[in-house]
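Quick note on labels: first sequence line is chain A, next is B, and so on, each numbered from 1.
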Amino acid sequence: MPELAEVEYYRHRWDAGLGQTVQSVALHGQLRVFRGTDIEELQRTLRASVFSESSSHGKWMMFRFARQRRFAWIGIHLGMTGELHCEAANFSPGTHDHFVLQQRERALVFTDPRQFGRVKFHAGSTEPEWWAELPPEILSKKFTVQWVEEFLLRRGRAPLKAVLLMQQAFPGIGNWMADEVLWRARLHPALKAGRAALHALRLWKELRWVTAKSLRIVGKDFSSPPASWLFPHRWQPGGRCPRDGTLLRRATIGRRTTAWCPRCQFRGAERVPAAKRKAGTPGREAKE
DNA sequence: TCCTATGTTGTATG
DNA sequence: ACATACAACATAGG
């Protein structure tokens, strides 16, 4: 499920283990989530180290470990179905529990049935490249209106929805957050990004608003956003726009199921009227 | 049986 | 080189 707010929620589930020594590291089942990682070194380095720090960036989480003056970093991405949880010390892993950090009083577990998630590893005295090179976070100073505008222009021909999902510009935004932002900015998900660049300020504001609020609501204790959000209505059959009561529409846009209000989310005047479209001919819009 | 799922990556094409 | 579109990955549930 995880987008940035859920990621933050899951990250804190390992907090109980902070300051505690890792006694052993268990890798279980398929090793797919470790693709590209030296698992031998990972296990060797983490054993007897202290779990000393935890942070997140978009959909990535980073956990730091220390042994004497040596540091190790674990990066975890939850993919589509990943979760972190904390279990009793005598925990025995199930089929989808791929990564277990055993501590004296608990087990820190990474579970992921579909295995789209991944675990990265780095040891040394400086931060790993894959952590240092991440794009500006949405709530950071470096995430400016210009940043948004320039990216929209560069991806000018792609549908706005698809562009909002691009992690190199909007780290942490996923399917439901993108829909929420578009609905609040009153922009149609199929609008060409180049056209949406005119409304970069609005998008920037809503990106930051939705991000901040989601962290407080979902990130804190996995609560659901209130009925005034698009969120609780978007998958409901017969779901209606909380702003004007219009029946929501759904379609596949940018390869993902998208919900929007056909009344308050305009495509804008740029839409060339399909003057002579024969009845029965599919339009440019994705099938519904 | 077929469809869906809050994600990313590799590959083909323009 | 750059942007865009799509299949693929693996599993569960309706």
Side-chain angles (χ1 to χ4, degrees), chain A residues 1-11 28-37 56-61 75-84 94-98 110-120 130 133-135 138 150-183 189-197 207 210-211 213-215 217-219 222-225 229-237 239 250-260 284-288:
Chain A
M1 334 181 149
E3 304 181 24
L4 130 172
E6 291 92 345
V7 165
E8 200 57 355
Y9 169 75
Y10 284 124
R11 178 172 73 85
H28 186 256
Q30 299 300 309
L31 298 178
R32 181 170 202 274
V33 298
F34 297 97
R35 53 200 181 280
T37 310
S56 64
H57 185 130
K59 295 177 190 172
W60 280 99
M61 296 174 284
I76 296 183
H77 193 294
L78 296 173
M80 195 85 100
T81 52
E83 289 181 22
L84 298 189
T95 318
H96 304 309
D97 302 322
H98 308 295
F110 168 49
T111 302
D112 184 10
R114 284 174 79 179
Q115 302 171 59
F116 290 174
R118 66 192 308 166
V119 178
K120 293 190 184 209
W130 44 259
E133 287 175 352
L134 291 167
I138 289 171
E150 281 165 25
F151 192 78
L152 293 173
L153 288 170
R154 185 138 34 95
R155 303 300 177 129
R157 300 179 60 88
L160 182 54
K161 169 66 182 279
V163 174
L164 285 186
L165 293 174
M166 294 178 180
Q167 300 300 295
Q168 67 264 42
F170 308 112
I173 298 296
N175 206 20
W176 77 255
M177 290 183 79
D179 282 1
E180 189 72 39
V181 166
L182 289 169
W183 176 73
L191 184 66
K192 294 284 175 257
R195 289 293 185 161
L207 278 161
V210 170
T211 297
K213 286 284 185 181
S214 300
L215 284 170
I217 298 169
V218 183
F222 225 94
S223 299
S224 287
W229 288 41
L230 178 66
F231 181 90
H233 311 282
R234 61 193 286 274
W235 292 143
Q236 294 296 316
R250 282 187 211 107
T252 300
I253 298 174
R255 305 296 299 169
R256 308 297 296 280
T257 302
T258 301
W260 75 96
R284 291 277 303 276
E285 206 166 297
K287 63 169 187 268
E288 284 175 53

Atom [atom1], compared across [N] and [M]: separation rounded to whole Å:
{"N": "B:dT9", "M": "C:dA12", "atom1": "C1'", "answer": "22 Å"}
{"N": "B:dT4", "M": "C:dC6", "atom1": "P", "answer": "15 Å"}
{"N": "C:dA10", "M": "B:dT11", "atom1": "P", "answer": "15 Å"}
{"N": "C:dA7", "M": "B:dC3", "atom1": "P", "answer": "13 Å"}

Measure from the side-chain N and O atoms of [X] to the backbone N and O of [Y], and report whether any donor-acceptor pair falls under 3.5 Å.
{"X": "A:R11", "Y": "A:L84", "value": "no"}
{"X": "A:K59", "Y": "A:I173", "value": "yes"}
{"X": "A:E3", "Y": "A:W176", "value": "yes"}

- Item | Contact summary for A:D179 and A:A259, nearest pair of heavy atoms |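 Closest pair (atom of A:D179, atom of A:A259, distance): OD2-N, 3.0 Å.
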I need the [atom1]-[atom2] distance between [X] and [N], as an integer number of Å.
{"X": "A:W176", "N": "B:dT4", "atom1": "CH2", "atom2": "P", "answer": "23 Å"}
{"X": "A:R35", "N": "C:dC9", "atom1": "CZ", "atom2": "P", "answer": "12 Å"}
{"X": "A:K161", "N": "C:dA5", "atom1": "NZ", "atom2": "P", "answer": "14 Å"}
{"X": "A:L230", "N": "B:dT6", "atom1": "CG", "atom2": "P", "answer": "14 Å"}
{"X": "A:Y10", "N": "B:dG7", "atom1": "OH", "atom2": "P", "answer": "13 Å"}
{"X": "A:R32", "N": "B:dG7", "atom1": "CZ", "atom2": "P", "answer": "16 Å"}
{"X": "A:L165", "N": "C:dT4", "atom1": "CG", "atom2": "C1'", "answer": "14 Å"}
{"X": "A:F116", "N": "B:dT9", "atom1": "CZ", "atom2": "C1'", "answer": "11 Å"}

- Across every strand shown, the nucleotide meeting Watson-Crick or G-U wobble geometry with C:dA1 (both distances under 3.5 Å) is none
- Message: Applying the Watson-Crick and G-U wobble criteria at under 3.5 Å, what pairs with B:dA5? Answer none if nothing qualifies.
- Response: C:dT11
Should [X] be listed as having a side-chain N or O under 4.0 Å from OP1 or OP2 of [N]?
{"X": "A:K59", "N": "B:dT6", "answer": "no"}
{"X": "A:H96", "N": "C:dA12", "answer": "yes"}
{"X": "A:H77", "N": "B:dT8", "answer": "yes"}
{"X": "A:Q167", "N": "B:dG7", "answer": "no"}
{"X": "A:T257", "N": "B:dA5", "answer": "yes"}
{"X": "A:Q115", "N": "C:dC9", "answer": "no"}

- Kindly say whether the aromatic ring centers of A:F110 and A:Y10 come within a distance under 6.0 Å.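 Not close enough - the centres of the two rings lie 6.0 Å or further apart.
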- Across the strands shown, which category fits A:G156 at heavy-atom distances under 4.0 angstrom: base, sugar-phosphate, nothing? sugar-phosphate
- Would you mind telling me which residue lines up with the more 5' stretch of DNA chain C, A:V163 or A:R255, judged by nearest nucleotide?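 With A:V163 and A:R255 compared, the 5'-side residue is A:V163.
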- Task: Give a yes or no on whether a donor-acceptor pair under 3.5 Å exists between the nucleobase atoms of B:dA5, that is its base, and the side chain of A:R114.
- Result: yes
- Task: Could you go through the side-chain contact (heavy atoms from CB on, under 4.5 Å) check for A:D112 and A:L78 one step at a time?
- Result: CA-CA 7 Å; A:D112 184 10; A:L78 296 173; over 6 Å; no
